[in-house]
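Let me begin by presenting the structure, written as structure tokens, before commenting on it.
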Protein chains: 2
Amino acid sequence: MKHIRVLLVDDHALMREGIASMLKNVEFIEVVGKVESGEEAINAAQELYPDVILMDIMMKGMTGIEATRWIKEQNNNVKIILLSGEVNQDYISLSAKVGVNGYLPKDVSREALIDAIRKVYGGEKYFSPSIMNIVFEQFYNQEADEKKPAQKSKELTTREFEVLEQVAMGKSNQEVADALFISIKTVETHKTNILSKLGLKNTAELVKYAIKNNIIEL
Amino acid sequence: MKHIRVLLVDDHALMREGIASMLKNVEFIEVVGKVESGEEAINAAQELYPDVILMDIMMKGMTGIEATRWIKEQNNNVKIILLSGEVNQDYISLSAKVGVNGYLPKDVSREALIDAIRKVYGGEKYFSPSIMNIVFEQFYNQEADEKKPAQKSKELTTREFEVLEQVAMGKSNQEVADALFISIKTVETHKTNILSKLGLKNTAELVKYAIKNNIIEL
DNA sequence: TAAAGTTTCAGGGTTTACCCTGATATACTC
DNA sequence: GAGTATATCAGGGTAAACCCTGAAACTTTA
């Protein structure tokens with residue numbers, strides 16, 4: 001069996017070493033390089049001609065996603081697996097667009113890591129279960145969107161967005177109702193729908209979402 | 001030279017492996033265990049009697065700070081070094097209060113890591129340069145605060161801070177209680193006191209406060 | 001040692017949040 | 001004009017949050 005040439009990209013030495021250590025005794029895998037930035041990865045991809053690149057998504061300077069786009073532009077045969085600390089909908093979505101071949105959380109097991117490299121090398125895509133959930137969610141949302149191109153910023157309706165804004169400002173359901181001149185029951189309905197649509201659990205997460213998406217200011 | 005017995009605690013397998021790999025060929029260091037949570041660390045600290053514990057500060061469930069307090073309560077001779085992804089003023093401050101022996105960023109070099117273990121084992125404290133800057137900053141701020149105790153009402157206790165952190169992460173009172181191993185009633189008490197001290201009204205405002213003051217990340 | 005502060009928890013209460021079902025009016029699209 | 005989405009609201013329910021009082025155990029400070 002031919003060796004799979006693997007390039008590691010992470011700005012944290014500990015992570016690079018951790019991955020290298022996990023792959024050390026795998027006979028069909030050879031780590032041909034370790035670099036610490038997206039910029040270096042682009043160069044290394046040409047010089048070391050790796051089969052698979054394992055790259056952190058969140059790095060100082062260029063992100064893993066940007067680096068992926070550059071590398072794929074030069075050579076689309078290279079397989080790229082992105083590693084992410086936190087599983088994030090937007091990152092996965094962006095990654096899919098630049099043609100990533102796999103996406104793993106950083107708490108991946110040794111077995112899953114090796115499996116991912118083998119599958120990706122063989123032309124398959126590899127996503128961990130937790131990623132798959134989000135991918136499917138995203139997929140279904142896109143399906144729904146295709147039926148209705150009249151989409152707002154994040155699939156929320158205008159009114160839902162207004163309620164979200166009010167709630168994130170710190171208002172209670174009753175206060176939101178007063179502000180928007182509607183019944184508290186209507187506010188509750190909107191709020192339930194918002195939480196459901198955005199996959200959130202409670203007001204705390206809703207506030208974080210609102211800040212993250214620049215819906216309210218601090 | 002006697003071996004320094006080291007226990008690794010991180011909920012990410014890759015980080016555990018990375019650290020273990022860095023310490024692999026150091027003759028005076030022996031990694032005696034690797035666990036993936038604060039809870040396990042408390043048990044392992046008693047069973048494996050390590051000299052030094054390297055622990056991630058941000059873990060699912062119990063944080064490294066919380067685990068440190070428990071372990072130090074059982075055996076104050078164990079040296080504990082916390083690892084932090086992002087350098088955060090409040091974490092350092094809290095860590096100091098629970099008697100941590102060292103504090104390292106996750107992008108620490110192999111040399112600094114080994115140096116830290118040796119120093120901490122020898123009874124010294126070890127903080128990386130970037131941490132030291134913040135420690136000094138904190139120190140000077142405290143000096144300034146002592147001159148005007150007018151805003152003492154706004155200061156939270158260690159426990160209140162931990163509760164604030166958990167709540168802001170989006171956890172319900174019950175979930176916070178489970179994470180900190182206390183009654184939900186205690187959580188409620190703390191929460192009421194926090195809201196009162198900070199002049200906040202509800203969870204939504206609490207989340208905003210936490211983000212504004214870099215207590216949680218987005 | 002006494003006083004003050006921290007952490008823990010309970011009982012018992014009110015209020016609010018959250019969820020489900022179902023319904024009506026409106027508007028826009030095919 | 002039928003179908004779909006939006007926005008409105010109600011009833012009725014469970015769960016959770018929030019508030020108040022009180023108090024024990026412990027630590028730190030004066």
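What's counted below: heavy atoms across the whole structure, side chains too, no hydrogens, waters or symmetry copies.
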A/I184 CD1 to C/dT15 C1', in whole Å, measures 10 Å

Stepwise side chain to side chain donor-acceptor pair (under 3.5 Å) test for B/E66 and B/T63
CA-CA 5 Å; B/E66 182 66 16; B/T63 66; 5.4 Å; no

C/dT7 OP1/OP2 closer than 4.0 Å to side-chain N/O of B/H190
no

Stem ranges for DNA chain D, with three or more consecutive Watson-Crick or G-U pairs under 3.5 Å?
C:1-30 with D:1-30

Between atom CZ in B/R159 and atom P in D/dC26, what is the gap in whole Å?
16 Å

From C-beta outward on A/S183, which listed nucleotide comes closest to its side chain: D/dT8, C/dT8, D/dA10?
D/dA10

Are B/K201 and A/E175 within salt-bridge range, i.e. N to O under 4.0 Å?
yes

Strictly below 4.0 Å, N to O, side chains only: are B/K106 and B/D56 in salt-bridge contact?
yes

In terms of side-chain heavy atoms of A/T186, which of C/dT8, D/dC9, C/dT16 is nearest?
D/dC9

I'd like to know whether CE of B/M58 has more than 12 heavy-atom contacts from other residues, nucleotides or ligands below 6.0 angstrom.
no

Atom CG of B/N193 to atom P of C/dT6: distance rounded to whole Å?
10 Å

For B/E39 and B/N43, what are the C-alpha separation, side-chain angles and deciding distance, and is it a side chain to side chain donor-acceptor pair (under 3.5 Å)?
CA-CA 7 Å; B/E39 291 84 348; B/N43 292 328; over 6 Å; no

SB check A/R159 A/E162 (cutoff 4.0 Å)
yes

If I take atom CZ in residue B/F161 and atom C1' in nucleotide C/dT6, what distance separates them, rounded to the nearest angstrom?
17 Å

A/K171 NZ - C/dT15 C1' separation (whole Å)
20 Å

Protein-nucleic acid N or O pairs under 3.5 Å, nucleotides 18-21 of chain C:
| from | atom 1 | to | atom 2 | distance (Å) |
| --- | --- | --- | --- | --- |
| C/dC18 | OP1 | A/T203 | OG1 | 3.3 |
| C/dC18 | OP2 | A/K191 | NZ | 2.9 |
| C/dC18 | N4 | A/E188 | OE1 | 3.2 |
| C/dC19 | N4 | A/E188 | OE1 | 3.2 |

Indicate yes or no for a side-chain donor-acceptor contact from B/N202 to the backbone of B/E205 under 3.5 Å, with no hydrogens or angles considered.
yes

Euclidean distance, atom CD of residue A/E175 to atom P of C/dT15 [Å, nearest integer]
15 Å

Under a 4.0 Å N-O cut-off, is there an ion pair linking A/K191 with A/E188?
no

Can you tell me how far P of D/dT27 sits from CZ of B/R69, to the nearest Å?
12 Å

Sequence neighbours left out, what passes side-chain hydrogen bond (donor to acceptor under 3.5 Å, both in side chains) with A/D115? Give chain and number order.
A/K119

Separation of A/I182 atom CD1 from D/dA10 atom C1', in whole Å?
14 Å

